[in-house]
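Worksheet: the structure to be examined is printed underneath.
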Amino acid sequence: MELESLYQEVILDHYKNPHNKGLAPEKDIQVHHVNPSCGDEITLNLTLRNGDVSSVTWDGVGCSISQASSSIMSELVTGKPVAQAMQTLENFSELMASKGTQSGDEEVLEDAVALAGVSKFPARVKCALLGWMAFKDAVVQVNGREEDQT
Amino acid sequence: MELESLYQEVILDHYKNPHNKGLAPEKDIQVHHVNPSCGDEITLNLTLRNGDVSSVTWDGVGCSISQASSSIMSELVTGKPVAQAMQTLENFSELMASKGTQSGDEEVLEDAVALAGVSKFPARVKCALLGWMAFKDAVVQVNGREEDQT
Amino acid sequence: MAREFDVERVRKDFPILSKAMRQGASLKYLDSGATSQKPIQVLDAERRFYTESNAAVHRGSHLLAEEASEAFESSRQIVASFIGAAEDEVIFTKSATESLNIIAYGFGNPDSGSLCLKPGDKVVVTEMEHHANLIPWQQLCKRTGATLAWLSVTDEGRLDLSHLNEIIDSSTKVVAITHQSNVLGTINPLDPIVARAHEVGAVVVLDACQSVPHMAIDVRELKVDFLAFSGHKALGPTGIGILWGRAELLDEMEPSLFGGSMIESVTMETATWAKAPRKFEAGVPNMAQAVGLAAAINYMSDLGMAAIHAHELALTTYALDALNGIDGLNIIGPNSMDSRGGTISFTIDGIHPHDVGQVLDQDGIAVRTGHHCAWPLMRRFGVSGTTRASFHLYNTMDEIDALAAGIKSAQKFFKVD
Amino acid sequence: MAREFDVERVRKDFPILSKAMRQGASLKYLDSGATSQKPIQVLDAERRFYTESNAAVHRGSHLLAEEASEAFESSRQIVASFIGAAEDEVIFTKSATESLNIIAYGFGNPDSGSLCLKPGDKVVVTEMEHHANLIPWQQLCKRTGATLAWLSVTDEGRLDLSHLNEIIDSSTKVVAITHQSNVLGTINPLDPIVARAHEVGAVVVLDACQSVPHMAIDVRELKVDFLAFSGHKALGPTGIGILWGRAELLDEMEPSLFGGSMIESVTMETATWAKAPRKFEAGVPNMAQAVGLAAAINYMSDLGMAAIHAHELALTTYALDALNGIDGLNIIGPNSMDSRGGTISFTIDGIHPHDVGQVLDQDGIAVRTGHHCAWPLMRRFGVSGTTRASFHLYNTMDEIDALAAGIKSAQKFFKVD
Ligand SMILES: Cc1ncc(COP(=O)(O)O)c(C=O)c1O
Ligand SMILES: Cc1ncc(COP(=O)(O)O)c(C=O)c1O
């Protein structure tokens, strides 16, 4: 049944027990993103250290897909060099755009491959991307700031 | 052939030799009307005396129907009591709205019954009415002015 | 002359209702609040226009132009008599959204004479407005320096009228209000609001998107001054809306779209306008859609608006009952049949509306989830969105049973039952 | 991959072409400049949308909403690649008229940043503009205190570029110009005008109503900044138009229609906008019409725009020849095939255009008469109106023969031969 392929156990687990949810007080930057078509929102705090993602915490309201995806994302990128985290994001975006034709590289995407089924439902893709886009925006803003200082 | 029923000889005669065309210098009022959908225009000078239409002269550009109709109108109303002229106008408007179902009262409308065929062509009705509506407007304005003075 | 309302016969006129959904499930279309489905009569009328009479209206002396103009103008007549208006008061727009924006622009144009707002003037809306009847007024206030105020919404999803006379005060020039909420289903009490507005000399703009398709409407009886609705929610084509206004107001109000067919005279430097409705219909109009909307109205009129309304009330009664029987389901909006229409919003404890919608979709049940273009109302109720079921003349009790069953299986799937 | 252009095969796709006119005459439709006829493929695409995928786009998580969104957005893609644009630069409006008005409103909104005009700024148009590309700019100038100037038209119906550099000067912010005149058939020389406009930092708005349906267009090659056209003149449905703008400009420009789907966030007091194209598409859009327009574009692309253009040029060559052979007929506009399209205006000595049109109509020949929404151009040529024959891909040499014969019988009937 398609429903189980969309809502895999690992998604429901992350939904019930989201990781890194709750905003850490220290941060390099805070971003706020909304999904205008459904009203879902995310606030994300990012800290970088020596070119690594040292902490991603987030809070917000959203459906199981957006919550689970944000939780998985926060786990995946934390501790990674920024460039590698951005590459992971690229891979995930590609998977989401695949309209069900890809299953995702588990080496890179780990738990996020469980979201592969989302790509068959165009209306849900933006749910899965909400947290990732917030992360991307946060990185771009921090980097932009650093460039301003040089 | 329908064309001859639309363009009766009397219409073509009035078109070639329009009556009262050329504006008389003396007038109670001058009005200018346009037909926005085709660009036809008429300027009309009206003089009333003792409640009678004493002179209607006009100038302008337009198709055979609008030119002939203005010519016929100017002949029909001149010399009549205003109330009677307005009644003639009513009759003519009704004929134009009849979508080809009426032939017009020749006692009242005289040459204007030749325009009966126009009522079958909705796009041409406004051509036939251009001069008449200018006359009506002129009468209303003169009367309005007189009321202002009392 | 309304016959017995035969929903099964009605359904046969809507080809899409026999579409096979995911995994072969039958379609249970409960999203008419977003857009309605179209009977074959509407599709045929549009096609007939294109294959028999298509030409630019009011612009040619040839037979096709004559027939097209006749089709277009008689569509106007059909709309006018459907809402109790004079023909020249009915303007074809592209949507209710455009209709409402036209009015808001009119009230911001200095050439609209006494209609034009100025600093100190007030526009009153409500907390339950669709964005289309809120943002144009925000923008108007921004342009003119007028103030925006609003009637708030009670916990039951009704307008709070306890401060009506303070909120609609002598500085109020416009009261813009929805007839029926597209989220709550609430039908607003127009009489006291219109009376108060007129007492202070304000005009009343009615957003009738959710009422015109479902009940008999007479603009003179409602005593409002402007009214807007969309064709696509009323069994008509997409790409058409109606703006109705009282003749005197349309006369005074400046147009906001400029171009062909709306003019009286034009030079390189200036232009003057034709009379309404032309003044507000610049360009070659949406002729086929006007014809299609007229066919939709004829379709509804043939069935009888009273019969349609009764059918929808019966559905709503049944649905409220069914939904109230589900633990963990919260109705957002009136939970009784008093002054409400066939739109029901709800939340399910522990499941996000998106996820509810997804599970229902699996069974061919089409509902809408999210903020329904009424974001401030969501905040009022402290929710990020709702699931909304909305009915039209083709819906059945069976579909409501399917909805209730679908919600229960969502609860099971997400383990919140 | 254009095959031989087979007009008889093309005509079979247009049901209206076999309509019986007055007294059984066959239809000779020479009024495509006003609106084009529609191939059955367009009507079928619209119907298929309604019977298989109709739902409000971008607003539901159900299958129909998904399919409707897919149909709508892939239509946008088809339009974009047809004119060489990026997808997000293509906005669905109701008509070219609306498209042009949206741009003019954008340039009058203080929130549009550097785009907003101020006193001392200049807008340049031409003397041959359709009212839709003239009055919005008049109104913009009125609102902002900017000045309107224009390029005049020569006796041959060409733009007079001899004062180009004075007319488009450093104060010029917008140059709004038609690609092909809807009256004269003149195709305007864009290169020098665009070059001059960009030299002084002005944006170029192209009214492509009469070019997009008839020749291959690439917005990047034309180097213009905005472009507008209507679906109904391009074999598409009524009620749809296109606004294209360069991404950076759409980004900067404020929208003018406010409501659902165009927002990012909304409170009772304020709202922020989504990115283009959404920002400019408030409300449930004209979905079926977008799908129909895409089908029209596919239809033309399949035949090949080059083949269509060649066919129309052949018709025009033939028609100019036939009309020039009639005594007392005066062509208004270019009387050679140099830079002109398939629209020919003319007057007949001693017969008013309305009367010419009426006689032609009697034989099933549909032309347009009057000022063609270009009143200032009529004044320029000292005429109250013209008779206009305009061609599209379905026209034939036989129809042009019929036109010439019809004109001669009009001269006979009115005794001016
Ligand atoms: C050159 C030109 N510009 C603008 C328009 C306006 O197009 P529409 O009436 O479809 O908005 C037209 C057609 O009427 C036209 O020919
Ligand atoms: C109450 C209400 N007002 C306005 C609108 C806007 O209608 P449209 O999107 O058709 O312009 C809608 C529907 O979306 C609505 O439900």
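All values below were derived from every heavy atom in this structure, side-chain atoms included, with hydrogens, water molecules and symmetry-related copies excluded. All figures in this text were calculated on a predicted structure; none of them were measured in a lab. Throughout, protein chains are lettered first and strands after them, A, B, ... in sequence-line order, and every chain is numbered starting at 1.
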Checklist outcome for this item: Okay, Ser152(D) and chain C: the region with an atom under 4.5 Å from a heavy atom over there is neither

Next on the checklist: Can you tell me which portion of Val42(D) sits under 4.5 Å from chain C's heavy atoms? Options are side chain, backbone, both or neither.
Outcome noted: neither

Checklist entry - What do the steps show when you test Phe49(C) against Lys38(D) for side-chain contact (heavy atoms from CB on, under 4.5 Å), and what is the final call? => result CA-CA 11 Å; Phe49(C) 176 81; Lys38(D) 328 296 176 200; over 6 Å; no

Item to check | Contacting region of Leu17(D) [heavy-atom separation from chain C under 4.5 Å] | outcome: neither

Item to check | Residue among His131(D), Lys233(D), Glu46(D), His130(D) with most heavy-atom pairs under 4.5 Å to chain C | outcome: His131(D)

Checklist entry - If you look at every heavy atom in Thr267(C) and Leu134(D), which pair is closest and at what distance? => result O-CD2, 3.9 Å

Item to check | Part of Arg22(D) lying under 4.5 Å from any heavy atom of chain C | outcome: both

Checklist entry - What class does the angle between the rings of Tyr105(C) and Tyr105(D) fall in, given that below 30° is parallel, 30 to 60° is tilted and above 60° is perpendicular? => result tilted

Checklist entry - Could you give the distance from CE (Met21(C)) to NE2 (His62(D)), rounded to the nearest 0.5 Å? => result 7.5 Å

Checklist entry - Where does Glu127(C) contact chain D at under 4.5 Å (heavy atoms): side chain, backbone, both or neither? => result both

Checklist entry - Are the side chain of Asn101(C) and the backbone of Phe258(D) linked by a donor-acceptor contact shorter than 3.5 Å? => result yes

Checklist entry - Does Glu269(C) pair with Lys142(D) as a salt bridge, N-O distance under 4.0 Å? => result no

Checklist outcome for this item: When every non-hydrogen atom of Val284(D) is compared with those of Ala34(C), the smallest separation belongs to CG2-O, 4.1 Å

Checklist entry - Just checking, any donor-acceptor pair under 3.5 angstrom between side chains of Gln138(C) and Thr270(D)? => result no

Checklist entry - Looking at Ser95(D), Ala104(D), Pro237(D), Ala96(D), which makes the most heavy-atom pairs under 4.5 Å with chain C? => result Pro237(D)

Checklist entry - OG1/Thr51(C) to NZ/Lys19(D) distance, rounded to the nearest 0.5 angstrom? => result 8.5 Å

Next on the checklist: One thing to verify: whether Asp111(C) and Arg143(D) come together as a salt bridge, which I'm taking to mean a side-chain N less than 4.0 angstrom from a carboxylate O.
Outcome noted: no

Next on the checklist: Which atoms of Phe14(D) are under 4.5 Å from chain C, going by heavy atoms: the side chain, the backbone, both sets, or neither?
Outcome noted: neither

Checklist entry - Relative to chain C, which segment of Ser18(D) carries a heavy atom at a distance below 4.5 Å: side chain, backbone, both, or neither? => result neither

Next on the checklist: Quick check: closest heavy atoms across Gly260(C) and Cys373(D), and the distance to 0.1 Å?
Outcome noted: CA-SG, 3.8 Å

Item to check | Least distance between heavy atoms, Ala271(C) atom then Ile135(D) atom | outcome: CB-CD1, 4.0 Å

Checklist entry - So which of Leu64(D), Leu148(D), Thr369(D), Leu27(D) has the biggest tally of heavy-atom pairs under 4.5 Å with chain C? => result Leu64(D)

Next on the checklist: Within this structure, what is the CD1-CG distance for the pair Ile365(C) and Leu63(D), rounded to the nearest 0.5 Å?
Outcome noted: 13.5 Å

Checklist entry - Tell me, side chain or backbone of Ile263(C) under 4.5 Å from chain D's heavy atoms, or both, or neither? => result side chain

Item to check | Rounded distance [0.5 Å steps], CE in Met268(C) versus CD in Glu129(D) | outcome: 7.5 Å

Checklist entry - With a 4.0 Å cut-off, would you call Lys94(D) and Glu98(C) a salt bridge? => result yes

Checklist entry - Tell me, side chain or backbone of Gln139(D) under 4.5 Å from chain C's heavy atoms, or both, or neither? => result side chain

Next on the checklist: I need the minimum non-hydrogen distance between Ala288(C) and Thr238(D), along with the two atoms involved.
Outcome noted: N-OG1, 3.3 Å

Item to check | Which atoms of Pro110(D) approach chain C - backbone, side chain, both or neither, heavy atom under 4.5 Å | outcome: neither

Checklist entry - When rounded to the nearest 0.5 angstrom, what is the spacing between CG in Asn286(D) and NE2 in His232(C)? => result 10.5 Å

Item to check | Asp31(D), part contacting chain C, at a heavy-atom distance under 4.5 Å | outcome: side chain

Item to check | Val266(C) and Arg379(D): CA distance, side-chain angles, deciding distance, side-chain contact (heavy atoms from CB on, under 4.5 Å) verdict | outcome: CA-CA 10 Å; Val266(C) 182; Arg379(D) 291 207 185 81; 5.5 Å; no

Checklist outcome for this item: When the 4.5 angstrom heavy-atom criterion is applied to Ser36(C) and chain D, the contacting part is backbone

Item to check | Interchain contact, Gln37(D) with chain C, by part (heavy-atom threshold 4.5 Å) | outcome: both

